[in-house]
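In what follows, a structure is listed as structure tokens, so that the remarks can point back to it.
Since we're looking at a predicted model, the values are computed, not measured. First the proteins, then the strands, lettered A, B, ... as listed; each starts at 1.
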Amino acid sequence: MKNHIIADMFEKMAAVLEFKGEMPFKVNAYRKASRVIGDLQVDIEQIWRQGRLEDIPGIGSGLAKKIDEFLRTGRMTKYEEVMADVPPGLIELLEIQNLGPKTLALAHEKLQVNNLEDLKRVLADGSLARLPGMGAKKAENIIKGIELYERAKGRISLGIAVPLVEEIITQLQERTSVKRISPAGSLRRMRETVGDIDILVETEKGAEIIAEFVHLPQVTRVLAAGDTKGSIIVEGEIQVDLRAVRPESYGSALQYFTGSKAHNIHLREIAKKRGLKISEYGIFCGKKQLGGSKEEEIYENLDLVWIPPEIREDRGEIERAAEHNLPNLVSLEDIAGDLHVHSNYSDASISIEEIARKAKELGYSYIAICDHSQSAKYARGVEVERLKHKWQEIKQLNTKISGITILSGTEVDILADGTLDYPDEILAQMDIVVAAIHSGFKQRVTERLIAAMQNPYVNIIAHPTGRLISKREGYEVDLDAVLRVAAQTGTALEINAYYDRLDLSDVNARRAADMGIKLAINTDAHLLEHFRMMRLGVGVARRAWLEPKDVLNTWPLEKIRQFCQQKWQKLK
DNA sequence: GCCGTTTTCGGCCCGACTGTTTTCAGTCG
């Protein structure tokens with residue numbers, strides 16, 4: 001798919017055009033096009049072949065021509081023109097806080113700033129501060145921006161941010177008389193990574209709460225502390241903002257600070273057409289406030305049903321809300337079990353009994369113990385002899401512990417030659433078989449995954465793309481081909497809930513579900529604490545618009561057994 | 001550059017803060 005290549009080109013063009021002082025509305029048009037194309041669920045080449053490029057919202061005749069040229073020839077003349085006279089390394093400086101396109105253009109033109117080194121030089125020798133419209137303070141703020149840019153390049157993963165924000169909220173609740181309090185921003189939307197953390201609090205005494213906030217024990221630096229906003233750095237590099245708002249504006253502020261930006265802009269356009277105005281203070285008709293205390297009031301006044309935060313990305317949710325036809329998103333309460341956890345038979349340190357009791361405590365009705373297979377020496381993979389002990393133990397525990405069914409499973413390795421790490425007669429005795437690639441990431445990954453899915457005993461492919469958010473890109477896998485075969489064979493794909501995996505991602509999970517593929521949200525737990533990550537996986541699933549019917553482990557056990565049986569009968 | 005039940009031209013989301021200014025431009029979220 002060339003979607004992301006084209007989206008990246010348009011995003012770069014937007015940045016450069018902005019730097020060159022092009023009309024802001026034109027810049028926005030490129031930005032919007034970039035986002036919409038990046039979010040497309042289908043291959044843009046397919047739309048192009050059908051001659052329907054201009055049906056994509058935000059793509060008119062001009063951009064359609066550019067896309068057409070690129071898909072025909074592999075080149076885009078306008079892109080080359082725009083990028084031609086811009087030094088490489090200059091545009092990425094726009095990521096520095098407090099340094100925008102105007103200032104950068106000024107520094108480039110008057111002081112020949114072409115890269116980060118040049119920028120540091122003109123800040124150090126004071127020449128930037130002496131330019132018209134500049135001054136010592138502005139220079140100082142850019143220096144601070146550079147510090148942050150070099151230290152915290154990139155984003156924090158959701159799995160780190162969520163516990164952090166919960167801890168801060170608990171502390172504030174203990175120390176002050178807060179009323180309503182909630183995370184906002186991309187964390188509330190459960191994006192897989194977040195830039196900084198936003199928390200919103202309802203209060204009439206903002207200054208008091210913010211004073212407490214900036215004195216929390218984990219604070220390493222205070223960036224701002226006013227009456228309505230406090231801003232801190234915790235753990236050396238994570239920025240947390242607290243905003244205090246009055247009761248009558250709490251809902252509109254929560255709506256506003258949750259975003260996404262694209263979602264909010266779309267809402268405001270709708271409001272404007274109706275002669276209304278939305279801001280973080282409320283929804284207004286002239287001076288009259290129609291709502292704002294509750295988030296729902298913003299949506300209701302536009303004849304929309306309230307939209308869950310996870311899908312506020314302007315990917316069609318507003319149109320569906322207008323039809324009162326939003327998906328019935330899967331929730332944590334729907335989860336009936338976990339189909340992929342490890343025990344001390346392989347590389348985890350928890351016993352099957354501990355796992356079962358934990359699962360029961362969480363209200364699950366089944367739990368699948370899926371240890372690594374025999375070749376996975378790095379992870380104490382289970383040989384066939386020990387496997388038989390394991391089955392015996394599971395059988396005993398199932399009679400000993402009531403109210404939960406322990407399933408014997410495996411996370412069987414897909415070997416370099418595409419075969420599985422246990423023979424079929426062993427797999428046939430498992431309740432559930434999860435298959436995964438753990439080695440040979442560059443060797444014919446697509447063919448191996450397809451071969452595994454064609455085995456009648458394989459029920460789920462674990463972490464299908466193999467990406468680790470903080471460490472590596474996924475395998476070199478043709479996901480389109482994998483999805484096709486998953487749909488044909490009736491193999492489920494995993495949404496691995498481990499915070500550094502979240503694999504499949506939201507966009508890919510939605511593509512899978514659209515093709516009728518079932519998903520399983522599994523924690524891949526190696527510690528009891530890992531069970532808590534289920535909520536991250538559910539967040540991904542909600543962002544993918546999944547409903548309980550799409551998610552295997554919301555179903556009763558009997559239905560899962562039927563699902564496995566169906567595949568076996570089809571392929572045996 | 002896009003878009004149209006107020007428009008094929010003239011709009012294009014809203015507000016706060018900061019620092020530089022004497023009324024506003026730049027940046028951010």
Query - Gap in Å between the two C1' atoms, one belonging to dT6(B) and one to dG10(B), rounded - result: 13 Å

**Report entry** Mutual orientation of the aromatic rings belonging to Phe10(A) and Tyr30(A) [parallel < 30°, tilted 30-60°, perpendicular > 60°]
**Finding:** perpendicular

Query - Same-atom distance (P) from dC17(B) to dC12(B), integer angstrom - result: 24 Å

Query raised in the report: Can you check the Ile283(A) CD1 to dC14(B) P distance for me, whole Å?
Result: 12 Å

Report task. State the syn/anti category of dT22(B) according to its glycosidic angle, syn meaning within 90° of 0. Result -> anti

Query raised in the report: With respect to the side chain of Lys102(A), which nucleotide from dC2(B), dG15(B), dG26(B) is positioned closest?
Result: dG26(B)

Query raised in the report: Is there a side-chain polar atom (N or O) of Lys229(A) under 4.0 Å from OP1 or OP2 of dC17(B)?
Result: no

Query raised in the report: NA contact type, Ala136(A), heavy-atom cut-off 4.0 Å: base, sugar-phosphate, or nothing?
Result: sugar-phosphate

Query - Euclidean distance for P, dT20(B) against dC14(B) (whole angstrom) - result: 29 Å

Query - Side-chain donor or acceptor of Asn3(A) paired with backbone N/O of Val42(A) under 3.5 Å - result: yes

Query raised in the report: Taking only N and O in the side chain of Lys66(A), is any of them less than 4.0 Å away from OP1 or OP2 of dG1(B)?
Result: yes

Report task. Using a heavy-atom cut-off of under 4.0 Å over every strand shown, decide if Ile265(A) touches base, sugar-phosphate, or nothing. Result -> base

Query - Whole-Å gap separating C1' (dT18(B)) and CG (Leu223(A)) - result: 15 Å

Query raised in the report: More 5' along DNA chain B: Glu54(A) or Asn264(A), using each one's nearest nucleotide?
Result: Glu54(A)

Query raised in the report: Start at the 5' end of DNA chain B and walk down; is the nucleotide closest to Lys78(A) or to Asp196(A) reached first?
Result: Lys78(A)

Report task. Using the C1' atom as the reference point in each nucleotide, state the distance between dT18(B) and dT23(B) in Å, no decimals. Result -> 15 Å

Report task. Give none if dC17(B) has no partner; otherwise give the nucleotide forming a Watson-Crick or G-U wobble pair with it, both distances under 3.5 Å. Result -> dG26(B)

Query - Asn98(A) side-chain proximity, nearest of dG29(B), dC28(B), dC14(B) - result: dC28(B)

**Report entry** Note: Arg121(A)-Asp118(A) ion pair, threshold 4.0 Å (strictly below)
**Finding:** yes

Query raised in the report: To the nearest Å, how far apart are Arg243(A) CZ and dC17(B) C1'?
Result: 11 Å

Query - Arg535(A) atom CZ: more than 12 heavy-atom contacts under 6.0 Å - result: yes

Report task. To the nearest Å, give me how far apart CD1 (Ile298(A)) and C1' (dC14(B)) are. Result -> 13 Å

**Report entry** Proximal nucleotide (of dT27(B), dC13(B), dG1(B)) relative to the Pro101(A) side chain
**Finding:** dT27(B)

Query - Rounded distance (Å) that lies between atom C1' of dC2(B) and atom NZ of Lys26(A) - result: 12 Å

Query raised in the report: For the residue pair Tyr498(A) and His463(A), is the inter-centroid distance of their aromatic rings smaller than 6.0 Å?
Result: no

Requested in this report: Respond yes when some side-chain nitrogen or oxygen of Asn141(A) is under 4.0 Å from OP1 or OP2 of dG19(B), and no when none is.
Outcome: yes

Requested in this report: Give a yes or no on this: more than 12 heavy atoms of other residues, nucleotides or ligands lie within 6.0 Å of atom CZ of Arg75(A).
Outcome: no

Requested in this report: Would you mind telling me which of dG1(B), dT27(B), dC14(B) lies closest to the side-chain atoms of Thr103(A)?
Outcome: dT27(B)

Query raised in the report: Is the shortest side-chain N/O distance from Tyr281(A) to OP1 or OP2 of dA16(B) below 4.0 Å?
Result: yes

Query raised in the report: In whole Å, what separates the P atom of dT21(B) from that of dT27(B)?
Result: 15 Å

Requested in this report: Calculate the interatomic distance between Ile6(A) atom CD1 and dG1(B) atom P; express it in whole Å.
Outcome: 16 Å

Query raised in the report: Checking all strands, does Tyr256(A) fall into the base, sugar-phosphate, or nothing category for heavy-atom contacts under 4.0 angstrom?
Result: base

**Report entry** Derivation of the salt bridge (Lys or Arg N to Asp or Glu O under 4.0 Å) call for Arg467(A) and Glu192(A)
**Finding:** CA-CA 12 Å; Arg467(A) 65 110 173 239; Glu192(A) 61 196 28; 2.8 Å; yes

Report task. Provide the distance between the two P atoms, one in dC2(B) and one in dC13(B), to the nearest whole Å. Result -> 15 Å

Query raised in the report: Just checking Ile278(A): base, sugar-phosphate only, or nothing, at a heavy-atom cut-off of under 4.0 Å?
Result: sugar-phosphate

**Report entry** Atom C1', compared across dC3(B) and dT8(B): separation rounded to whole Å
**Finding:** 9 Å

Query - Distance test, side-chain N/O of Lys272(A) to OP1/OP2 of dC14(B), below 4.0 Å - result: yes

Report summary line: Taken to the nearest whole Å, CZ/Phe257(A) to C1'/dA16(B) is 9 Å

Query - Side-chain ion pair, Glu296(A) and Lys294(A), N-O less than 4.0 Å - result: no

Report task. For Lys273(A) and dC14(B), give me the distance from atom NZ to atom P, rounded to whole Å. Result -> 12 Å

Report task. Establish, with yes or no, whether the OP1 or OP2 oxygen of dA16(B) is under 4.0 angstrom from a side-chain nitrogen or oxygen of Thr228(A). Result -> no

Requested in this report: Indicate, with a heavy-atom threshold strictly under 4.0 Å, whether Leu131(A) touches base, sugar-phosphate, or nothing.
Outcome: nothing

Requested in this report: Check every strand shown and say whether Met134(A) touches a base, only sugar-phosphate, or nothing at a heavy-atom separation below 4.0 Å.
Outcome: sugar-phosphate

Query - Nucleotide nearest Gln97(A) when distance is taken to its side chain, options dG1(B), dC28(B), dC14(B) - result: dC28(B)

Requested in this report: Return the nearest nucleotide to the side chain of Lys137(A); candidates are dT20(B), dC13(B), dG29(B).
Outcome: dT20(B)

